Each structure stands twice: as C-alpha cells, then as structure tokens.
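The block underneath contains the structure these notes are about, expressed in structure tokens.
Bear in mind that the values here come from a model prediction, so they are computed numbers and not experimental data. Ligands are counted one by one from 1 in listed order, and the atoms in each one are counted from 1 as well.
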Amino acid sequence: MGAELEGLSRDARAVIDALLPPPTQSVEEERDRRLAYLAAGFRLFGRYGFDNGVAGHMSARDPADHDRFWVNPVGRPFSMIRVSDLLLVDSDGTVVKGDGQVNLAAFAIHSAVHRARPDVVSAAHTHSRYGRAWSTLGRLLSPISQDACAFYGDHALFDRYHGPVMEATEGEAIAAALGHHKAAILCNHGLLTVGGSVEEAVWWFLAFEAACEAQMLAESVGEPRPISPEHAAATARQVGSPEIGRLSFLPYFAEVTAREPDVLE
Ligand SMILES: [Zn+2]
C-alpha cells in the first residue's frame, strides 16, 4: 500500500482493505493460494477463448524457492486445468514437480521475466484474439476510457518479431522491453502481463485484452477522444493500482470455484 493508493479516497481504501483476504501466514498457505488463483485464472482464460492450440501460458513464482515457478503443462486445455496439473519448473527448465511437459516458449519468456523482475510473482501470455490483432499495429494503447487508463504510462511495445520464442535470448529481450511496466504488446504475436500477485497478472490480462478490443471497436467507427494526460495519469493511479488489480480478480475467483470446484483438486 502507499504511493499506489494516493489517488484513492479514505473510504475507498477502507473498502479495499475489508475485501482483500488477509495476508497468508506461512509459505505453504501462500503456495496454496497462488496455485488456486493460477488454476482459476486458466479456467477464466479458457472461457474467454484465450487458448490457441498449445500456445499460451501463465506462471506463478514459488514462494519458497524464488528461482522456480509453477506453469501449465503443454497440451492441457485451459478450461480443464486443476491445481494438481500445474508443473513446478526450475531455473534450467527441468520439471521438478508434476507430470507433463513445459512449453519451450513458456520457459523462455517466463524464466526471463521472473529473473529480470524480482517484484513479479506472476506473468501471463496468450495469443488472445484482440491482443493479437492489436499487436500487428505496432502502437501503444491510448487512454480512451477509464479502464484503458490502467495501462497509461504502464505498458510497453516489444517492437520486433523473429519467429516463435524458443531461445533464452528472445525471452530476455522481451523482459528488457517490458521494463518496469505491468504489460507489454509483443508485436505480431500477442500480449504479456505481469503482477506482484497472481490476481494482478490475471486481471491485467483480461483488462488489457478488453482495452485492445475497445480501442479497435472505437477506431473502426471514428476517432476516439483521449482522456487528457493529467486525468489519465490520475486515473491510472487508481484503476491501475495493484490493490485494484487484486480486488478485481476476486469475484471471478469466487464464481469459478463455486461453479467448477474441481479446479482446486
Ligand atoms: Zn506466444
């Protein structure tokens, strides 16, 4: 908390504090929480149609061994992923827990991002429809709506495409382009989001994809009026804060776990 919340009123802060779950009390509890959120995030991605063959992956850093992260097994549909399906991968790309294969691109991208950004707990990348289409334009998103302001001054462009990401050096280049931001548009490829929690990475991905869709819709019928830089920056400090990212994911988590309790198996 602190600087990110400077744009929020005291009442808003009180509401957020009351709604966010209390901090976990042990490494095991924190791991269980991250894996539950990660598996539920995949169910959401499945519903939104973010699968594309065997492309797409999301990771969560292990709370005990920070060089290792949990990721989806290649070939498992997002809509069927359970906590027990998730793989723990070490810094060499070896699966040290779980049954399955890790996607080479997943390892190249996620290992580089986790290494470059110690503050990042989770990263998400898919070839979602609107993100993929927007990524062909080589442009950052504009602050044309309140929701889009979450990414104002906080997303980057990875402005080259050299084929599928299979090499560590390409993952490192993506991590460098991401910089300190929460999201990146990978040109001619798709979207990438990160967060200091799994909740944030998932929510920012849903929001980033929706912002691409909204700007494409608006530009297809006219010339959208951007929000002024001053108001976009102030709005970004509110709707783009980590706390709002975490909070925004929680209703979805409640709904997914209620309707599809096997996600936690
Ligand atoms: Zn990809």
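Applying the side-chain hydrogen bond (donor to acceptor under 3.5 Å, both in side chains) test to pairs two or more places apart or on separate chains, those with a residue in residues 129-141 are Arg139-Glu219. Under the ring pair (Phe, Tyr, Trp, His ring centres under 6.0 Å) criterion, the residue pairs touching residues 84-110 are His57-His110, with sequence neighbours excluded.
Here the protein contributes His125 NE2, His127 NE2, His189 NE2 as N, O or S atoms under 2.8 Å from the Zn ion (ligand 1).
Remark: Tyr152 engages no residue in a ring pair (Phe, Tyr, Trp, His ring centres under 6.0 Å) (not counting sequence neighbours).
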- prompt: So Thr24 and Glu29, side chain to side chain donor-acceptor pair (under 3.5 Å) or not? Walk me through it.
  reply: CA-CA 6 Å; Thr24 50; Glu29 192 185 347; 5.4 Å; no
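Between Val27 and Ala64, the closest heavy-atom pair is CG1-CB, 3.6 Å.
Here His125 and His189 bring their ring centres to under 6.0 angstrom of each other.
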